[in-house]
Amino acid sequence: MTGPTTTSARRRGPTHREQGRVARVSLLIPSHSLPPLDYLVPGHLTGEVRVGAAVTVPLSGYGRVGIVVGFGGSADGRALEKVRTVVRSLSLPSGVVKLCGWASMASAQPLPTVLQVALPPGTRLAYEVIRPAPDWPWKAGDQVTRTELRRTLGPAASRTAEVEGRISLSPVHPERRMVEWAVASGDEDASPPQRATRQRELLRALEEHASGLPARELLRMTGAGRGPLNQLVRRGALRLTARPDGAPISYTRGSGVDLDGYREGAERALKAGGSWVWRTSTDEGPVVAAAIARLAVRRGGQILVLAPDVGCVDWLVRDLVRLLPAGLTVSPYHGSLGRERATAYEAARSGEVDVLVGTRTAALVPLASLGAICVVDEPNEDHRASRDHKGLHVHARELAMARARIEGAAAIFLSPTPSLRLYAPESGARRLSPRLPVRWPSIGVVDMRGTGASLSSSLIDGCREMVRSGGRVGVVVNRRGLATSVSCRHCGHVVCCPSCDRPLALRSEPETDPGAASNNGVPKGALVCSGCWRREKSPDSCPACGSERLRAVGLAAEGVRDSLAEALGVEVGLVAAENRESEGTRIVVGTPRLVLREGWDMVAIPDADAFFSGYLSTEKGFRVIYRAAEASRERLLVQTRSPGHPALLAALRSDYESFVATELPGRQALGYTPYGHVAEISLTGPEGEVRRAVESKLRPALGPDVKATEIMPLPSGPDGGRISWRLLLRGRVRTEVASAAAIVARSAAGTGGKLRARIEMDPEEV
DNA sequence: AGCACGCCGACT
DNA sequence: GTCGGCGTGCTC
């Protein structure tokens, strides 16, 4: 980012101040190549221009908006342009700017991109007409878009108009229709006399809604007029407030009694500040978050609760409203909030909201007085994943740690099985005493070595027993579709993807009968490559030896569902990403993320090994098995061909510590986070451009402590057909790895779209 | 020689 | 994002 400029500005002392300060401005232009630029601060703005101030400045003659990220700047004596205006509504606290700077470095994303995420959502820029020229079609106060202005006046006249101060770049905030809300004050003394029936009706209607009701809605419900309402206001029994239409803010309505069990831990973390890992069970997550929230608010701060996805955010909001003592405000914050998001942002910034619950974007929202950050389900990779290109490529864990450090708050990470990168002592996160339940299901391990079958009699009998006694069974499978591969019974050949050579998985064709078998036992369906998503027609005979004795092998959701339904003679439900059928049945098969969302009497895992092999890490496998045990009330049954696998056994014993003890040394040896950092660079474009970016720009710039792999061609990217390439950078120091990765990103940005680069810092699996 | 067009770096 | 410089290649 920018250098340590505040000190140098101070050193220059009063002489420099007399000349006017130099502000370093990061311009909000989606460009990789533009570093922060220096501008003179005119005397009348010195008071307002601080780090975080949003300013308008000229660039190539045109006005642009930028954020002040520092002071001082280059001393090369060039004539600097002046800061034109300060835009208060877009200004950020300096702490948030620091955080954005850190996030930009850590993710190798351009600073303006990150700053954009921290700015009020939904704001658009327009020119406000200040002093119109006589021949202009606009009057003073009008809002004119940049394109409209250029179309009418032409580029030269537009620039002159801006320089002369006839127009000024200013943000247009999304329209917020205000609606009148009635909220009961809860003041007993203010209750109306017995005979004032209308007033009493109004209050009774409000009792059900602690967070209040729109006044119009209240009057409609009760049939009362404006008179009784005003009477109540005069008495002080209720107050009327203007709230933005569709405000997402809720008022809590619990008692807080359930939260005392977690007080001690929360107190310890909040008093000391810094980062804390707290091993608490998944189900208790909301209660722990609530306990931390209550304490943070008591200590006069706000709390930020970060959840991995939108569904989880909404669910947490509901729980917090139910659990927290009445009188606190809770608001969600995430991308799919639409217009309400701007409202939540303002409420958080002004301090109106006590608890802001959101996805990782919320980690950059300015808060009036941040006391604590609570990250729920810390190891979940959805805390980072951003399929969309414009999202933040930083895990919420990292943002929370950085923000807590910058703002002097406490960051608390919840999970029964924290990520190794966080739990490693070197991460700097301290540990609170685990609060895990004693309940653990009885464990059954079926050794599948030497068996051809995919479902053991133990598993089938177990399911049958459970169903007979009225219980429900969740069956957890790694893959969707009918089977993980198709092989030849005669020669053993496995049908593989022609472009990337990975085994092709069998999916049921939507148009054919799912699970329908052809005469010779080969299931009908489409073959799909798990690596490059290529689709192939299912062959009638073995591509290697021509035999027609093909069979589907490997456990996948639909295949397991069909086999179980047949073996048990009952309907079996299916929950996979896109595909949900009869979810309410006694037995449901699906992927862990969907099946393990709820509790079951028994959980069965027909192929536990699948979670430890392939592209899935030991860590993920451990977590799936552990979560499966958490989710089963009575019994957990796993089938495996490696019954001695240490991580599997540790998970089944609920022994997180021994899992950590065996895994950390390897992690350290390989230099994975927190012992080192990796940048995964994916490039899409012609080979020449890739080589130019990597060999002539990146490699010469590499320091001695960052190592780059060769460029590996990827079979074919997800963006159909175009050739992708990949390389990894490794080093001990994060900034060194990230800035090397940023060289490639900038280089790709300079090719005008010929080369596209995607940087992933410290991906979970490489 | 004169001009259109596209690439590339500067802009503070 | 916007501009202008410069090189390439085509035309008068």
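So that the names make sense, note that chain A is the first sequence line, chain B the second, and so on, each numbered from 1.
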Solution key, residues 130-138 of chain A side-chain donor-acceptor pairs under 3.5 Å, sequence neighbours excluded:
from, atom 1, to, atom 2, distance (Å)
A:Arg131, NH2, A:Glu164, O, 2.8

Euclidean distance, atom CZ of residue A:Arg21 to atom C1' of B:dT12 [Å, nearest integer]:
17 Å
Partners of A:Arg403 by salt bridge (Lys or Arg N to Asp or Glu O under 4.0 Å), sequence neighbours excluded?
A:Glu407
side-chain hydrogen bond (donor to acceptor under 3.5 Å, both in side chains) filter on A:Thr329, not counting sequence neighbours, yields A:Asp354
Can you list everything that forms a side-chain hydrogen bond (donor to acceptor under 3.5 Å, both in side chains) with A:Glu695? Sequence neighbours excluded, please.
A:Arg699
Listed partners of A:His677 passing ring pair (Phe, Tyr, Trp, His ring centres under 6.0 Å), at least two apart
none
Along DNA chain C, 5' to 3', what are the outermost nucleotides having an atom less than 4.0 Å from a heavy atom of chain A?
C:dG1 to C:dC3
Nearest whole Å is fine: how far is B:dC8 C1' from A:Arg746 CZ?
16 Å
Could you give the distance from CZ (A:Arg692) to CG (A:Leu755), rounded to the nearest 0.5 Å?
9.0 Å
Hey, what are the protein-to-nucleotides 9-11 of chain B N/O distances that come in under 3.5 Å?
from, atom 1, to, atom 2, distance (Å)
B:dC11, O2, A:Ser60, OG, 2.9

Hits for side-chain hydrogen bond (donor to acceptor under 3.5 Å, both in side chains) against A:Thr673, two or more places apart or cross-chain, chain-then-number order -> A:Asp762
Residues forming a side-chain hydrogen bond (donor to acceptor under 3.5 Å, both in side chains) with A:Thr709, sequence neighbours excluded
none
